[in-house]
Amino acid sequence: DESLRLISQAGFRWIRQEFPWEDIEIHGKGDFWDHKWDKSAWNKYDRIVELAAKHGLRIIVRLDNPPAWTRRMGNAKGWEMAPPDNLTDFGDYVYAVVSRYKGRIRYYQIWNEPNIYPEWGDQAADPAAYVELLKVGYRRAKEADPTCVVIAAGLAQTTEETPDEFKPRNMSDLLYLERMYGAGCRGYFDVMGAQVYGLWTGPYDRRTSTDRSNYSRVQQLREIMVANGDRDKPIWATEVAWNALPEDSPAYPNYGRVSEEKQAIYAVEAYRRAAREWPWMGGMNYWFFRRPS
């Protein structure tokens with residue numbers, strides 16, 4: 001309640017919230033009871049929905065993270081977030097969530113960063129397989145609520161273009177999106193998701209190339225959409241941010257490093273630039289407000 005009050009007070013009007021499959025249909029097919037705590041697995045999510053409404057916040061629900069029972073590999077190391085063996089199971093989960101919250105939630109993101117390990121499991125990135133999952137999710141979501149809005153997974157910014165014969169677990173978001181279109185993704189999403197991180201440079205770094213990750217990289221995703229006939233589809237930034245990793249942190253700054261002061265300036269300027277220059281950009285979700293761990 002306090003988190004959502006602060007988010008609303010800060011001027012945000014949306015939250016992007018995970019509804020992890022493994023935390024809703026925990027123990028087996030059709031079982032929505034949390035046996036560990038002997039209560040409905042829906043309880044915490046019902047409460048989030050109620051509190052978001054109380055504070056005037058709309059919700060974008062992220063649908064992914066299958067339970068172990070959906071995979072032959074279970075939760076073996078590296079496979080914890082991999083897709084299910086049977087896409088029908090995923091479709092049923094999507095239908096269950098969307099139908100339960102029809103009239104209260106309209107926006108659903110199908111998966112997250114399927115172009116990188118481990119969010120597609122310990123296996124090669126597979127755009128065609130993601131498109132099949134997206135199609136199932138789209139059809140079942142629309143079946144549950146024809147007015148819902150389906151957002152394609154935000155693809156991780158990565159420049160890796162390793163030849164296919166090496167079965168790369170990470171694939172360039174640009175190459176991945178091109179192959180999604182080749183696999184028939186058009187018509188199976190209402191909004192394209194994108195990770196719009198600044199990493200090592202600020203929001204006015206206007207350089208774009210396939211080997212550069214920065215705030216402007218999303219423009220290249222847009223070009224691919226236009227080239228494939230999706231000029232009228234918007235992009236929403238599923239995540240946007242700069243990393244204020246403390247200077248004394250032992251962690252290597254894989255995702256860039258700025259001071260907290262620069263982080264604050266960059267955040268505001270990122271929204272301003274998008275509003276001025278990118279008419280195709282819609283919602284922008286700042287990553288993140290709070291992590292409990």
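Just so you know, residue 1 is the first one in the sequence shown, and it goes up from there.
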Establish whether V97 and L51 are linked, either directly or via other cluster members, by ILVMFWY side-chain heavy-atom contacts under 4.5 Å. yes
Roughly how far apart are D126 CG and W120 CH2, rounded to 0.5 Å? 7.0 Å
Side chain to side chain contact (heavy atoms under 4.5 Å, CB included) between F12 and L6: does it pass, once the steps are laid out? CA-CA 9 Å; F12 291 100; L6 290 168; over 6 Å; no
Spell out, as yes or no, whether a donor-acceptor pair under 3.5 Å connects the side chain of K233 to the backbone of F189. yes
Do we see a donor-acceptor contact under 3.5 Å between the side chains of Y204 and E269? yes
Can any side-chain N or O of S8 pair as donor or acceptor with the backbone N or O of R5 at less than 3.5 Å? no
If we ignore hydrogens and angles and just use 3.5 Å, is the side chain of N170 paired with the main-chain N or O of Y117 as donor and acceptor? yes
Answer whether the closest heavy-atom distance between the side chains of I26 and W33 falls below 4.5 Å. no
Closest non-hydrogen atom pair, V196 against V240: O-CG2, 3.1 Å
I'd like to check R13 versus H55 (side-chain heavy atoms, cut-off strictly below 4.5 Å). Are they in contact? no
Taking the six-membered ring where the residue is Trp, are the ring centres of W287 and Y197 under 6.0 Å apart? no
Taking 4.0 angstrom as the limit, do R106 and D145 come out as a salt bridge? no
Does T159 form a side chain to side chain contact (heavy atoms under 4.5 Å, CB included) with R212? I'd like the steps, not just the answer. CA-CA 7 Å; T159 61; R212 184 181 301 278; 5.9 Å; no
Residues, nucleotides or ligands: over 12 heavy atoms within 6.0 Å of Y255 OH: no
So do M284 and T238 actually touch side chain to side chain, heavy atoms under 4.5 Å? no
Give a yes or no on whether the backbone of N65 and the side-chain of E22 come within a donor-acceptor separation of less than 3.5 Å. no
Donor-acceptor contact present, side-chain R217 to main-chain T158, <3.5 Å: yes
According to the interplanar angle, ranging from 0 to 90°, do the rings of W242 and Y215 count as parallel (below 30°), tilted (30 to 60°) or perpendicular (above 60°)? tilted
Assess the residue pair F19 and Y101 against the criterion (ring pair (Phe, Tyr, Trp, His ring centres under 6.0 Å)); give the C-alpha distance rounded to whole Å, side-chain angles, the decisive distance to 0.1 Å, and a yes or no. CA-CA 12 Å; F19 279 45; Y101 297 109; 5.7 Å; yes
Taking all non-hydrogen atoms of both residues, which atom of S216 and which atom of R273 are closest, and how far apart? OG-NH1, 2.9 Å
Distance check, rounded to the nearest 0.5 Å: W111 atom CH2 versus L155 atom CG? 14.0 Å
Identify whether I105 and W42 are in the same connected component of the hydrophobic contact network (ILVMFWY, side-chain heavy atoms under 4.5 Å). yes
Is the shortest side-chain heavy-atom distance between V149 and V191 below 4.5 Å? yes
Take atom CZ of R276 as the centre, draw a 6.0 Å sphere, and report whether it contains more than 12 heavy atoms from other residues, nucleotides or ligands. yes
Any side-chain to backbone donor/acceptor pair from N285 onto E239? Under 3.5 Å, distance only. no
Common cluster, V150/L177, ILVMFWY with side-chain heavy-atom separation under 4.5 Å: yes
Going by heavy atoms in the side chains, are Q220 and I224 under 4.5 Å from each other? no
If I take atom CD1 from residue I24 and atom NZ from residue K44, how far apart are they, to the nearest 0.5 angstrom? 9.0 Å
Ion pair K77/D122, N-O distance below 4.0 Å: no
Strictly distance-based, threshold 3.5 Å: is any side-chain N or O of Q123 a donor or acceptor partner for the main-chain N or O of G121? no
Got a donor-acceptor contact below 3.5 angstrom from the R71 side chain to the A82 backbone? yes
Check whether the side chains of Q219 and W278 place a donor and an acceptor atom closer than 3.5 Å, and report yes or no. yes
R47 atom CZ: more than 12 heavy-atom contacts under 6.0 Å: no
If the test is ring-ring contact (aromatic ring centres under 6.0 Å, His included), which one of Y45, Y93, F32 qualifies with W21? Y93
Quick one: closest heavy-atom pair of K135 and G184, and the distance? CE-O, 3.4 Å
The reported gap from CG in L175 to CE in M180 (rounded to nearest 0.5 angstrom) is 12.0 Å
Check whether any side-chain heavy atom of P83 lies under 4.5 Å from a side-chain heavy atom of F90, and answer yes or no. no
Can you establish whether the number of heavy atoms outside F288 located under 6.0 Å from its atom CZ is more than 12? yes
Taking a hydrophobic cluster as the set of Ile, Leu, Val, Met, Phe, Trp and Tyr residues connected by side-chain heavy atoms closer than 4.5 Å, whether directly or through intermediates, do V136 and V61 fall within one such cluster? yes
Classify the side-chain pair D34/H27 by whether it contains a donor and acceptor separated by less than 3.5 Å. no
Between the main-chain N or O of T70 and the side-chain N or O of N86, is there a donor-acceptor pair closer than 3.5 Å? no
Return yes if a side-chain donor-acceptor contact under 3.5 Å exists between Q109 and R16, otherwise no. yes
Considering all heavy atoms, the nearest K142-C148 contact: NZ-O, 2.7 Å
So, do N112 and E18 sit near enough that their side-chain heavy atoms are less than 4.5 Å apart? no
Is there a donor in the side chain of W200 and an acceptor in the side chain of D205, or the other way round, less than 3.5 Å apart? no
Heavy-atom count around E2 CD within 6.0 Å, excluding the residue itself: above 12? yes
Which pair of non-hydrogen atoms, one from M192 and one from A152, has the smallest distance, and what is that distance? SD-CB, 3.9 Å
Any side-chain heavy-atom pair from E113 and Q195 closer than 4.5 angstrom? yes
Under-4.0 Å salt bridge between R100 and D46: yes
With side chain to side chain contact (heavy atoms under 4.5 Å, CB included) as the criterion, how do I110 and Y130 come out once you've worked through the C-alpha distance, each side chain's angles and the decisive distance to 0.1 Å? CA-CA 10 Å; I110 305 297; Y130 170 67; 4.2 Å; yes
Check this for me: does any side-chain nitrogen of one of D64 and R62 sit under 4.0 Å from a carboxylate oxygen of the other? yes
NZ/K262 to CZ/R257 distance, rounded to the nearest 0.5 angstrom? 12.5 Å
To the nearest 0.5 Å, what is the distance between OG (S209) and CG (L174)? 9.5 Å
May I have the step-by-step check of salt bridge (Lys or Arg N to Asp or Glu O under 4.0 Å) for E160 and R169, ending in yes or no? CA-CA 10 Å; E160 294 182 47; R169 296 189 302 178; over 6 Å; no
Check whether the ring centres of W14 and W236 lie less than 6.0 Å apart, and answer yes or no. yes
Consider only side-chain heavy atoms of I, L, V, M, F, W and Y, link residues closer than 4.5 Å, and tell whether L63 and L133 are in one cluster. yes
Is the number of heavy atoms from other residues, nucleotides or ligands under 6.0 Å of K39 NZ greater than 12? no
Is there a donor-acceptor pair under 3.5 Å between the side chain of N214 and the backbone N or O of G198? no
Determine the minimum heavy-atom distance between V49 and I59, stating which atoms define it. CA-CD1, 3.9 Å
